[in-house]
Number of protein chains: 4
Amino acid sequence: MQRSTPAARTGRPRSAAADAAILEATREALVELGWSKLTLGDVATRAGVAKTTLYRRWAGKNELVVDAVAELFDELELPDRGSLAADIEGVVLQFAAILDRPEARSGLMAVVAESTRDEALRERIRTSIVDRQKRLVVQGRARAACRGELPTETDPEAAARGAALIFDMVAGAVVHRTLVSAEPVDEDWARRFAAVLLGGLAATGI
Amino acid sequence: MQRSTPAARTGRPRSAAADAAILEATREALVELGWSKLTLGDVATRAGVAKTTLYRRWAGKNELVVDAVAELFDELELPDRGSLAADIEGVVLQFAAILDRPEARSGLMAVVAESTRDEALRERIRTSIVDRQKRLVVQGRARAACRGELPTETDPEAAARGAALIFDMVAGAVVHRTLVSAEPVDEDWARRFAAVLLGGLAATGI
Amino acid sequence: MQRSTPAARTGRPRSAAADAAILEATREALVELGWSKLTLGDVATRAGVAKTTLYRRWAGKNELVVDAVAELFDELELPDRGSLAADIEGVVLQFAAILDRPEARSGLMAVVAESTRDEALRERIRTSIVDRQKRLVVQGRARAACRGELPTETDPEAAARGAALIFDMVAGAVVHRTLVSAEPVDEDWARRFAAVLLGGLAATGI
Amino acid sequence: MQRSTPAARTGRPRSAAADAAILEATREALVELGWSKLTLGDVATRAGVAKTTLYRRWAGKNELVVDAVAELFDELELPDRGSLAADIEGVVLQFAAILDRPEARSGLMAVVAESTRDEALRERIRTSIVDRQKRLVVQGRARAACRGELPTETDPEAAARGAALIFDMVAGAVVHRTLVSAEPVDEDWARRFAAVLLGGLAATGI
DNA sequence: ATCTAACCGAGACGGTACGTCCAGTCTTGGA
DNA sequence: TCCAAGACTGGACGTACCGTCTCGGTTAGAT
C-alpha cells in the first residue's frame, strides 16, 4: 500500500509481517489513546518493531493512521436488499458501523483535518478511503437503474456530478450525526434519512 | 466565555485586551501553521503575552482553538430570501464561506476529532459553534411554516428530530464536500443540493 | 564556570544546586561507565534533572566533562617540602594521585583527544585544567630561585620557555606512565624522575 | 594482525585487498571526521566494502583505529646520527612528525583514553604501537653504550627500569607538548629537551 | 496615599516525544 | 564460505513543546 519500489532486488527484504503488526498496533493505540496521544514510539513498541522500521515505511503519523484506518473500509460492500431505499439504508448503516469503532472515530477526522494543509495526504485519503466508499454509491445507482427505479443518466458528466452530490450527502450526514451531533445512526435514523434523500432524488430526477 | 467570574473583587483585574489579542493570534497561527503545528508558546509570543497568562485563561490548545474558531461563527445569520429553497441555499453558502477560511478549515475538524475522546470538549463545541448554526435551521423552518411552504409540526419531539436530521444533512454535506471531497461549494452546487433536500422534505412531509 | 550572563535579570533564575548535582553525577557516571558510554540522558537522570536543563548550560558532552574533571584539580597545591627535588616529587605525586581517580583517567584523555579537532575545547581545557597545573611549576621555580637552588632567570621569555619545557616534561611523563605504560607512579619512580629532571636542569642551567 | 587463521581451507578466502582498503579508509575518515564522528558504516562505504566484512575482521571501532594508526608507526627507525644527543633529537622529531599527522592526533589519544577501561585494548595498543617506539629507546641506549657515552648497565632489571623511565619521559613530553600545550615540536625544542634529558642521565648515571 | 492581592513578562524547570543516526546483527541473492 | 546490499533491533542523540514554577515588577481597588 505504501510501497512503490518496483525494483529493489538486493539486500534483506522487508518483513511483510512487520507491516501487518504495525497497522494492527496503530489501531490498538488509536482505541486506547486516540489520535493526539498516539506516538510512533509507542506504536513501534506495541508492534514489537524498532522505530526505525516504522519510519522506513511511513513518512509520519498521518500516513500511518490513514493506512491503518483504510483497512477498516476493506469490508465495505453493498448487498442487494431489493430496493434503492433499502440499499441506501444499508450503506448508511455499514458506514455508521465503521464510524462506531473508536479507532475510526479518533483517526478519521484527525487525518481529514490534517489533510486541509497537505495535498499529498488528501490524495492518499481519497485513494485509500474515500474512493472505496464512493464506489458503493455508483454501484447502488447502477443497480437502481437496472431495477428501473431511477432513469438512466446518459450524460456521463452529469452522472458524475450527481454521484458526487449524493456521496457528499450520505457520507457527510452520517459523519456529522456520529461525530458532531454525537447521536447514534440507528435503523430509524437511516430510514428517515433514506426517505428524504430518495424523495429528493425522485423529485429532481438525479 | 471561558471565565467563571464568581467573585474576584480585589487585586488587579485581568486584561480584557489580552483575550482578544490571544484569540486573534490563535487564528493567525492557524492560518500560517495549521492546528498540528500551532503551539501555545508561539501564540503567546504573537499575542505579546506570557504563556502563563494564556494558561490562566484556557485549559489547553483545544479549548483555545474552539473559542478562536467560534468567533468566526458570530457573523452567521439568515436573511429572508423569500423562499425556503433560497433560504437553504443562503445558509449553505454562508456556512461554506466560513469553511473557506483557512483558520476554520484547520481548526474545526481537528477539535471535532479531539472531541471524540473528550466529552467536555464536545459540549464546548456544541455550545460555542454547533448550536449557533443549528439555530439557523430552526429559524428557517419556522419562517417556511409562516409562508405555508411547510406544514406546522405540532409534535415538538418530532419537530426536534426533523430539525436535527436536516441540520446533519446540511452541515454534513457542506463539510464533506469542502474538506473531504475538496471541491468548492458554489452557487450551482448549493442550488442542486437545496433542490434535493427540499424535494425530500416535501416528499416525506418533514 | 560556564556562565557569562552578566545581565539576565528577568525570568526564573537558574538553580545553583543543579550545576553541582550535574557535575557530581557526571563524575559518578565517568567512574561507572567511562567516557564513551557516558550519556547525557543518564547524567541528567542521575542528577535528578531534565536533559533540557543540562543542555541549557553545557554545549555537549565534551564541555561537561571538562568542567566535571576540572573540579578535581581544584585541590592541587604545592606544599613547601624544603628543596626543589622534594617539591618536584611532591607535584608529581599530587598529579599522579588525581590521575589515579577513574573519573579523571576516563575523562581527561578523551577530552584531550577531542580537543585535537576543536580549538574552543582546547582553550577550555587549557583554562580550566592545564593552567591550574602549570601554575605549580612556575611557583616551584620561584621558590627554588629564592632558596638559591636555581639561578634567577632575567630574560622573561627564556623563563617562559623553560617553564613550558619543564611543565611538558613533568606532566607528560606522569600521564604517559599512568595511562600508556599503565604503571604506578609511586615514590620510587617520582624520586628517580625528579633526580633526572633536576640533574638536567642543573646541567643546562634552565 | 587481527586474523587468527588457524585453519580455513574451504569456501571463498577473504579478500586481502579489503584489509588494506579498510585501514586506508579508516585513516582517511580520521583525517576528515576525527575519532568521535568516525562511523564504521562510513568506513565500510569508503572502502567499498560491506559492514559485515568489516565486523568479521575487527571487533569494533577501537580495534580498527588501533590497527589503522599502528601502520603509521611502521616507518619509525633510528638512524645513527653519531651521538646520543643527536639520536635523542632524532627520535623526538620522528615521533613528533607522526603526531603531526591528523589521523594520528585524532586517533591515538582517543584509543588511549578508551584503553583506560579495556585491558585487552591496552594490550593491543602496547603491542602494536608502544613497543614499536620503545624499541628505539633500547636501541639508542645500546648504541650509546657502544660509543662509551653511557656506562653499560649490568643489572638487567635496572636497565629495564631505566629504559622505561626514559621512554615515558620522551614520549610523554612530545605528546604533551603536541596535544595538550598545542605547541610545535621543532628542532629548537628537541635540542633543548635532549639537553635536559641527557644532562639528567649523565648526572644520575642511568 | 498607601496597602495589597492578583495580575503581568520572562524564562528556567521536569517531562515526553520527536525524527535521525549509528551500533551491531541478520537475511537475502550472487560469486 | 565469502561477499555487497540493505533491513533489522536497540538505544542515544539534540530539539521542540508541554504545562508548571519561580522570579521581579505592575496595577487598580480597598483602605
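What's counted below: heavy atoms across the whole structure, side chains too, no hydrogens, waters or symmetry copies. Sequence lines set the chain letters: A, B, ... in the order given, protein chains first and strands last, and positions in each chain run from 1.
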Look at the side chain of [X] against the base of [N] and say whether a donor-acceptor pair falls under 3.5 Å; ignore hydrogens and angles.
X: B:K51; N: F:dG19; result: yes
X: A:R12; N: F:dC8; result: no
X: C:T53; N: E:dG14; result: no
X: B:T52; N: E:dA10; result: yes

Whichever of B:A50 and A:L40 has the more 5' nearest nucleotide on DNA chain E, that residue is B:A50
Reading DNA chain E from 5' onward, which residue's closest nucleotide shows up sooner: C:G48 or A:D42? C:G48
Under 3.5 Å donor-acceptor, D:R46 side chain and D:A21 backbone: no
Rounded distance in Å - [atom1] ([X]) to [atom2] ([N]):
X: D:L64; N: E:dC22; atom1: CG; atom2: C1'; result: 15 Å
X: C:L54; N: E:dA12; atom1: CG; atom2: C1'; result: 14 Å
X: C:R46; N: F:dA12; atom1: CZ; atom2: C1'; result: 15 Å
X: D:I22; N: F:dC2; atom1: CD1; atom2: C1'; result: 13 Å
X: A:Y55; N: E:dA17; atom1: OH; atom2: P; result: 12 Å

For B:R56 and E:dC8, is the shortest distance between a side-chain N/O and OP1 or OP2 below 4.0 Å? yes
Look at the side-chain N and O atoms of B:R57 and state whether any lies under 4.0 Å from the OP1 or OP2 oxygen of E:dC8. yes
Can you tell whether the side chains of D:E114 and D:K61 come within less than 4.0 Å, N to carboxylate O? no
Contact class for A:G60 vs. all strands (heavy atom < 4.0 Å): base, sugar-phosphate, or nothing? nothing
